[in-house]
Protein chains: 2
Amino acid sequence: MMMEEQEREQLFTEDTEHLDEETLFVVSQTFKALSDPTRIRILNLLCTGEHSVNDIAETLNLSQSSVSHQLRFLKNLRLVKYRRAGRTLYYSEDDEHVMNLLKQAIKHALHH
Amino acid sequence: MMMEEQEREQLFTEDTEHLDEETLFVVSQTFKALSDPTRIRILNLLCTGEHSVNDIAETLNLSQSSVSHQLRFLKNLRLVKYRRAGRTLYYSEDDEHVMNLLKQAIKHALHH
DNA sequence: TATATACATGAGCATGTGTTCATATATTGA
DNA sequence: TCAATATATGAACACATGCTCATGTATATA
């Protein structure tokens with residue numbers, strides 16, 4: 001019996017016309033992470049290297065709590081990681097691909 | 001008098017440490033458009049060419065109203081455009097750059 | 001002109017999101 | 001152990017978001 005058109009597409013190509021539930025979820029979550037100005041500013045700052053929570057808060061003029069909440073969000077999506085040094089947690093990027101998406105969008109927006 | 005480090009960065013490089021208000025807004029809006037499963041499915045469908053509103057609704061199993069609302073959203077951001085043929089409006093992509101961001105994310109998500 | 005078709009629009013509702021405030025936890029040093 | 005510092009966490013609130021339902025508008029055709 002012949003395979004249906006759609007089934008063939010899903011199995012053998014990348015230009016999937018139909019997106020499965022999980023892919024849809026992952027993609028939407030990824031973009032959701034990048035859709036908030038505060039998170040964009042945090043990630044953009046982390047482009048320049050690792051920073052502590054207080055450092056991020058002061059540099060971006062945000063509350064410590066707000067930064068901590070957002071970092072937890074980004075950490076759950078594995079977009080950032082941290083290392084501990086005494087009482088201080090130094091956060092840094094942890095997903096090159098997503099950071100590239102952000103950089104592209106910023107570059108494009110800056111060029112008006 | 002010498003320029004400050006940050007000032008030099010803003011003027012002469014693209015790796016801006018400080019994002020201005022407008023850039024931040026544009027970038028966040030762009031990603032917000034791509035952060036909803038329904039809009040992702042619509043844009044992904046439009047990758048394959050132009051489609052009427054009813055066609056989109058039937059293909060993706062969505063209500064006509066829901067599709068129309070989302071298309072208005074995407075149209076306001078100039079991510080889609082349409083042409084009229086009688087009573088039918090054929091929608092299609094209108095921002096190659098943003099579509100590329102979407103394709104990249106989908107490709108990456110599919111590769112697990 | 002009257003009816004049908006294709007799409008747009010606004011109100012209302014349930015749910016999601018980002019912040020602040022208060023407080024908890026963890027680590028360091030006296 | 002006690003106080004200080006750095007960060008995490010939960011509740012509560014205001015606001016945003018996406019859907020449905022009802023209805024409006026535009027175009028084509030009888």
Side-chain angles (χ1 to χ4, degrees), chain A residues 19 21 24-46 50-92 94 102, chain B residues 19 21 24-46 50-92 94 102:
Chain A
L19 298 173
E21 198 71 39
L24 212 51
F25 181 75
V26 171
V27 172
S28 63
Q29 283 296 111
T30 300
F31 285 127
K32 194 156 297 188
L34 302 173
S35 73
D36 176 67
T38 299
R39 287 192 291 271
I40 292 173
R41 294 176 73 209
I42 292 175
L43 290 173
N44 185 60
L45 179 57
L46 294 185
E50 62 177 17
H51 291 268
S52 73
V53 178
N54 272 335
D55 185 12
I56 296 170
E58 284 168 27
T59 304
L60 303 182
N61 201 29
L62 299 166
S63 75
Q64 177 268 318
S65 180
S66 181
V67 171
S68 187
H69 278 297
Q70 297 293 6
L71 286 172
R72 179 168 58 166
F73 182 103
L74 296 171
K75 179 119 197 354
N76 286 338
L77 287 179
R78 299 181 190 284
L79 301 191
V80 303
K81 61 183 191 297
Y82 65 80
R83 73 177 173 88
R84 178 181 282 278
R87 287 176 288 216
T88 304
L89 302 186
Y90 291 98
Y91 279 83
S92 56
D94 198 29
L102 178 60
Chain B
L19 298 173
E21 199 68 40
L24 212 50
F25 181 76
V26 171
V27 172
S28 63
Q29 283 296 111
T30 299
F31 285 127
K32 193 156 296 187
L34 301 173
S35 72
D36 175 68
T38 300
R39 287 192 291 270
I40 292 173
R41 294 175 74 208
I42 291 174
L43 290 173
N44 185 61
L45 179 57
L46 294 184
E50 63 176 17
H51 291 268
S52 73
V53 178
N54 273 336
D55 185 12
I56 296 171
E58 284 168 27
T59 303
L60 303 182
N61 200 29
L62 299 166
S63 75
Q64 178 267 317
S65 179
S66 181
V67 171
S68 187
H69 277 297
Q70 297 294 6
L71 286 172
R72 179 167 58 165
F73 182 101
L74 296 171
K75 179 120 195 357
N76 286 338
L77 287 178
R78 300 183 189 284
L79 302 191
V80 302
K81 61 182 191 296
Y82 66 78
R83 73 175 173 88
R84 177 181 283 279
R87 288 175 286 215
T88 304
L89 302 186
Y90 290 99
Y91 279 83
S92 57
D94 199 27
L102 177 58

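Side chains are part of it too, since the values below use all heavy atoms of this structure and drop only hydrogens, waters and symmetry mates. Throughout, a chain's letter reflects where its sequence line sits, starting with A, and its residues are numbered from 1. Keep in mind it's a predicted model, so treat the numbers as computed, not measured.
Rounded to a whole Å, the CZ atom of B/F25 is 12 Å from the P atom of D/dA16. One interatomic measurement links the two molecules: CD of B/Q64 to C1' of D/dT23, which rounds to 12 Å at whole-angstrom precision. Look at OH on A/Y90: it is 13 Å from C1' on D/dT5, rounded to the nearest Å. Computed from coordinates, the B/Y91 OH to C/dC7 P distance equals 9 Å when rounded to whole Å. If you measure from atom CZ of B/F31 to atom P of C/dG18, you get 15 Å, rounded to the nearest angstrom.
Applying the salt bridge (charged side-chain N to carboxylate O under 4.0 Å, His left out) test to A/R83 and every residue at least two apart in sequence or in another chain returns A/E50. Listed by chain and residue number, B/V53, B/N54, B/S68 satisfy the side-chain contact (heavy atoms from CB on, under 4.5 Å) test with B/Q64 (two or more places apart in sequence, or in another chain).
Nearest heavy-atom pair across A/N44 and A/L102 is N-CD2, 4.2 Å. The two residues A/S52 and A/Y90 have their closest heavy-atom pair at N-CD2, 3.8 Å. Taking every heavy atom of both residues into account, B/L34 and A/F31 meet most closely at O-CD1, 3.2 Å. When all heavy atoms of A/A33 and A/L79 are compared, the pair lying nearest together is CB-CD1, 3.7 Å.
Using a distance-only test at 3.5 Å, with no hydrogens or angles considered, no donor-acceptor pair links the side chain of B/R78 to the main chain of B/V80.
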Polar atom pairs between nucleotides 25-28 of chain D and protein, under 3.5 Å, N or O only, would you list them?
none

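Between D/dC19 and B/S66, a contact under 4.0 Å exists linking OP1 or OP2 to a side-chain N or O. Contact annotation: A/T38 side-chain N/O to C/dT19 OP1/OP2 distance is under 4.0 Å.
Side-chain proximity of A/T88 to D/dA22, D/dC19, D/dT7: nearest is D/dT7.
Listed in residue order, the members of residues 68-81 of chain A having a heavy atom less than 4.0 Å from DNA chain D are A/S68, A/H69, A/R72. Shown for residues 51-62 of chain A: residues whose heavy atoms fall under 4.0 angstrom of DNA chain D, namely A/S52, A/V53, A/N54.
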| task | For the pair B/I56 and B/L71, evaluate side chain to side chain contact (heavy atoms under 4.5 Å, CB included) and give the outcome as yes or no after the intermediate values. | result | CA-CA 10 Å; B/I56 296 171; B/L71 286 172; 4.2 Å; yes
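Annotation: the span from A/L19 atom CG to B/L60 atom CG amounts to 9.5 Å, rounded to 0.5 Å.
Between A/K32 and A/S65, the residue whose closest nucleotide on DNA chain D is further toward the 5' end is A/S65.
For residues 29-43 of chain A, the side-chain hydrogen bond (donor to acceptor under 3.5 Å, both in side chains) pairs, not counting sequence neighbours, are A/R39-A/Q70.
A 6.0 Å sphere centred on CZ of A/F73 holds more than 12 heavy atoms belonging to other residues, nucleotides or ligands.
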